[in-house]
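Data block below; observations after.
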Amino acid sequence: MPYAWIAAQFQQLGLDVGTQDFVLRYNIGPKTNYTGRNVYGILRARRHSSRESVVLAAPYRPPNSVFTPTNGGIALMLAFAKAFRSASYWAKDIIFLVTEHEHLGMEAWLEAYHRVSPAAGLVDSGDLKERAGSIQAAINLEIPEGRASYIDVKIEGLNGQLPNLDLVNLAHRLCRRERVQSTFKKRVDPYDGTSLEGFLENLETMLSMMSSQATGVPTGNHGFFHRFGIEAITLAGYYEPGMHHPIRYHELGRIVEGIFRSLNNLQERFHQSFFFYLLSGTNRYISIGVYMIPFSIMAAPLLLRAVSIWFDLVQSHNAQKDLTSLNYDQVCGIIILCHVFGSCLFLLPSTAAKLGLSYFEFETDESVYYGFILASVIIAMLLMFPVKRIDARAIRCIAHLEMATLMFATALQNISLATFQAFIVTPLFLGTGTASSRKGVFFKRLIVLLAHPVMILHVVLLLDAYRTFPEETPPSILLKSLSAAKRSVMYSLMDSFVYGNKMYDTCIQFYLPIWMLHWLTAGQ
């Protein structure tokens, strides 16, 4: 990254310039340090005392990057810095930020700006010499240096957080005012949204949003602002021949300037519109009051089954008048043991990486992946001991309650993840009742096995590989999905340790112990 040149451009424009050096200490497998540097300039507001600010950011991508270069966004940023410098109506400081190493650079800068370190000590963010006021909003630019035929507005943030809908609507409406094609998930709104074809297109757009939101991975650098209560979106430019006339930089400039002048007039933080919603297009949304009803219908059967099991237990106790038939110590001990197993798996990645490198010369992702497979097999074998039927029913009741609670708690922040959980897990766990034969027990365990997180990951990636590479042979698709599974486990692990993504933590600490309880009681 040309740090000196960018800093010199900011200095020539009279901005307060600062640089930040950060280090990522990679401690899984071979210990390696990755270094980077961010450059930023602050335009001080003439009509305010630097208590509030807004951010205009752009990631720097070298020529050998696998992502689309963003030199156009950096050029626009420098042009904005020059134009904004001559204006006297700014009531908020404006921070112009160029980050390195994609998400890592933005995470390091925000940690240093707010003087926090939630990354478990893996990222050394250093300190910032120059600071502005409390950040109210941020716009991230991913504009290529060549032509762009449409602007895609990215909104999904870390752990599925979303910006206030007013900021999203502001970007789309300014694009329409400047006659610039704006999209969501790279999809144009259907001509007739009330027709069957339009409904299917909107449904596909909504499912595309839900699939990306469910992972908890931000779709751009804007996603890390949400964790600090800052509303942010990414404006990404893409070129598709024949889709629309090429967008001029003048039109892009008017859109971004309109957004910043609107943010400049904010008297308070965004709060009037929705923070919890699903988008099916640029002008259609589903609010929390609408989507929680079908989700509750999908997740409620587990809760109802738990209540039913509990009433059966109470009735059987009252009929027998023997409250000692239920072994409370064993039930509580098994539940605690399963959660202890899940917590112990936090130590698995580093141990598996060291053993895999020492004895088998595996790569880190392979070592961690095979370590999880081996640990899952060992735990499944350990939890195949027989349990009294009444104790098994009590454990199953608590497991259903835990799963229902987990889904409803997840829905409060990431409705997409909770919906997919309810869609996949609810019918599988409901089929784990008692069985009268060995074949029935085997069938029940097979159903529970399909709900294991590794199995769900493989099935999802296998379907995605088939959809992406329909021309490949079945063995090739299977190998691609296996390779993707190894990388996915490692990416989820690093997202948890470095960025604070809760997907891995939730799966290990909560979902996997619940699966263990269902595996133990399947058919009993």
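Bear in mind that the values here come from a model prediction, so they are computed numbers and not experimental data.
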Checklist entry - Run the side chain to side chain contact (heavy atoms under 4.5 Å, CB included) check on Val307 and Cys397 step by step: do they pass? => result CA-CA 7 Å; Val307 174; Cys397 173; over 6 Å; no
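- Side chain of Gln20 to main chain of Ser125: a donor-acceptor pair is present (N/O by atom type, distance under 3.5 Å, no hydrogens or angles).
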Next on the checklist: Could you walk me through whether Ser496 and Asp505 satisfy the side chain to side chain donor-acceptor pair (under 3.5 Å) test, starting with their C-alpha distance in whole Å, then the side-chain angles of each, then the deciding distance to 0.1 Å, before giving a yes or no?
Outcome noted: CA-CA 7 Å; Ser496 172; Asp505 300 356; 2.7 Å; yes
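- In this structure, OG in Ser211 is found 8.5 Å from CD in Glu156, a value given to the nearest 0.5 Å.
- Residues Thr70 and Ile143 have side chains not in contact (no heavy-atom distance under 4.5 Å, counting atoms from C-beta outward).
- Rounding to the nearest 0.5 Å places CD1 of Ile288 at 10.0 Å from CG of Leu278.
- With a 6.0 Å radius and a threshold of 12 heavy atoms from other residues, nucleotides or ligands, Glu197 has its CD atom at or below the threshold.
- Residue Phe199 places its CZ atom among 12 or fewer non-hydrogen atoms of other residues, nucleotides or ligands, all under 6.0 Å distant.
- Sparse packing is recorded around CZ of Phe423, with 12 or fewer heavy atoms of other residues, nucleotides or ligands lying under 6.0 Å away.
- Ser212 contributes a side-chain N or O that, together with a main-chain N or O of Met209, makes up a donor-acceptor pair within less than 3.5 Å.
- Here the side chain of Thr506 pairs no donor or acceptor atom with the backbone of Met503 at under 3.5 angstrom.
- Judged by distance alone, with hydrogens and angles left aside, the side-chain atoms of Ser65 form no donor-acceptor pair with the main-chain N or O of Arg61 at under 3.5 Å.
- Among all heavy-atom pairs drawn from Pro218 and His103, the shortest one is O-CE1, 3.5 Å.
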Checklist entry - Where do Glu204 and Arg187 land on the salt bridge (charged side-chain N to carboxylate O under 4.0 Å, His left out) test, with the steps shown first? => result CA-CA 9 Å; Glu204 190 173 357; Arg187 299 177 184 274; 3.2 Å; yes
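- Ring planes of Tyr499 and Phe224: tilted class, angle from 30 to 60°.
- Considering only heavy atoms from C-beta on, Met210 comes within 4.5 Å of Thr419 through its side chain.
- Closest non-hydrogen pair, Cys338 versus Leu517, comes out as SG-CD2, 3.5 Å.
- Among all heavy-atom pairs drawn from Leu450 and Met455, the shortest one is O-CB, 3.9 Å.
- You'll find the side chain of Arg25 reaches within 4.5 Å of the side chain of Asp124, heavy atoms only.
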Next on the checklist: Set out, in order, the CA-CA distance, both residues' side-chain angles and the distance that settles side chain to side chain contact (heavy atoms under 4.5 Å, CB included) for Leu235 and Glu142, then state yes or no.
Outcome noted: CA-CA 6 Å; Leu235 303 180; Glu142 295 181 1; over 6 Å; no
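- With Thr405 contributing its side chain and Leu401 its backbone, the two residues share a donor-acceptor pair below 3.5 Å.
- By the 4.5 Å heavy-atom criterion applied to side chains, Leu279 and Arg284 are not counted as neighbours.
- Taken from CD in Glu240 to OG1 in Thr183, the straight-line distance is 9.5 Å, to the nearest 0.5 Å.
- Counting all heavy atoms, side chain and backbone alike, Ser149 lies closest to Ile247 at C-CD1, 3.7 Å.
- Trp519 places a side-chain heavy atom less than 4.5 Å from the side chain of Leu449.
- Within a 6.0 Å sphere centred on CD of Glu363, other residues, nucleotides and ligands contribute 12 heavy atoms or fewer.
- Thr364 is listed as a side-chain neighbour of Met490, based on a closest heavy-atom distance under 4.5 Å.
- Between the side chain of Ser182 and the backbone N or O of Cys175 there is no donor-acceptor pair closer than 3.5 Å.
- Under the 3.5 Å distance criterion, the side-chain polar atoms of His101 are matched with a main-chain donor or acceptor of Thr35.
- What you find for Ala418 and Phe295 is that their closest heavy atoms are O-CE1, 3.4 Å.
- Note: Leu263 CG to Leu167 CG = 6.5 Å, rounded to the nearest 0.5 Å.
- Using a 4.5 Å heavy-atom threshold, the side chains of Asn71 and Pro144 count as separate.
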Next on the checklist: Val23 vs Tyr34, test: side chain to side chain contact (heavy atoms under 4.5 Å, CB included). Steps then yes/no.
Outcome noted: CA-CA 6 Å; Val23 180; Tyr34 297 93; over 6 Å; no
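- Here the rule is side-chain hydrogen bond (donor to acceptor under 3.5 Å, both in side chains) with Thr234, and of Thr219, Asn140, Asn221 only Asn140 fits it.
- Asn38 contributes a side-chain N or O that, together with a main-chain N or O of Glu100, makes up a donor-acceptor pair within less than 3.5 Å.
- Residues Ala404 and Leu302 approach most closely at CB-CB, 4.3 Å, considering heavy atoms.
- Under the side chain to side chain contact (heavy atoms under 4.5 Å, CB included) criterion, Gln161 pairs with His226, Arg227, Gln413, not counting sequence neighbours.
- In this model, a donor atom of one side chain and an acceptor atom of the other lie less than 3.5 Å apart for Tyr370 and Lys486.
- The number of heavy-atom neighbours closer than 6.0 Å to OH of Tyr491, taken from other residues, nucleotides and ligands shown, is 12 or below.
- Using cut-offs of 30° and 60° for the angle between ring planes, the His452 and Trp515 rings count as perpendicular.
- Ring geometry, Phe372 versus Tyr504: the interplanar angle exceeds 60°, so the pair is classed perpendicular (tilted spans 30 to 60°).
- Judged by distance alone, the side chains of His518 and Glu402 never bring a donor and an acceptor atom under 3.5 Å apart.
- A 4.5 Å side-chain heavy-atom check between Asp365 and Val489 finds every atom pair outside the cut-off.
- A salt bridge does not link Asp152 to Lys185: none of the charged nitrogens lies less than 4.0 Å from a carboxylate oxygen.
- A donor-acceptor pair is defined here as one N or O able to donate and one able to accept, closer than 3.5 Å; no such pair exists between the side chain of Thr432 and the backbone of Val448.
- Just one of Phe274, Phe276, Tyr277 meets the ring pair (Phe, Tyr, Trp, His ring centres under 6.0 Å) condition when paired with Tyr285; it is Phe274.
- Counting heavy atoms of neighbouring residues, nucleotides and ligands inside a 6.0 Å radius, atom CZ of Phe260 exceeds 12 of them.
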Next on the checklist: If you apply the rule ring pair (Phe, Tyr, Trp, His ring centres under 6.0 Å), what do you find for Tyr369 with His458, and how did you get there?
Outcome noted: CA-CA 12 Å; Tyr369 172 78; His458 278 86; 5.7 Å; yes
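- Between the Asp189 side chain and the Thr282 main chain, a donor and an acceptor come within less than 3.5 Å of each other.
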Next on the checklist: Using side chain to side chain contact (heavy atoms under 4.5 Å, CB included), reason through Phe341 and Leu512 one step at a time and then give a plain yes or no.
Outcome noted: CA-CA 9 Å; Phe341 279 161; Leu512 193 56; over 6 Å; no
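- Heavy atoms from other residues, nucleotides or ligands lying under 6.0 Å from OH of Tyr238 number more than 12.
- Atoms CZ and OH, on Arg115 and Tyr113 in that order, are 9.5 Å from each other to the nearest 0.5 Å.
- The side chain to side chain contact (heavy atoms under 4.5 Å, CB included) test with Pro163 singles out one residue from His222, Lys154, Glu231, and that residue is Glu231.
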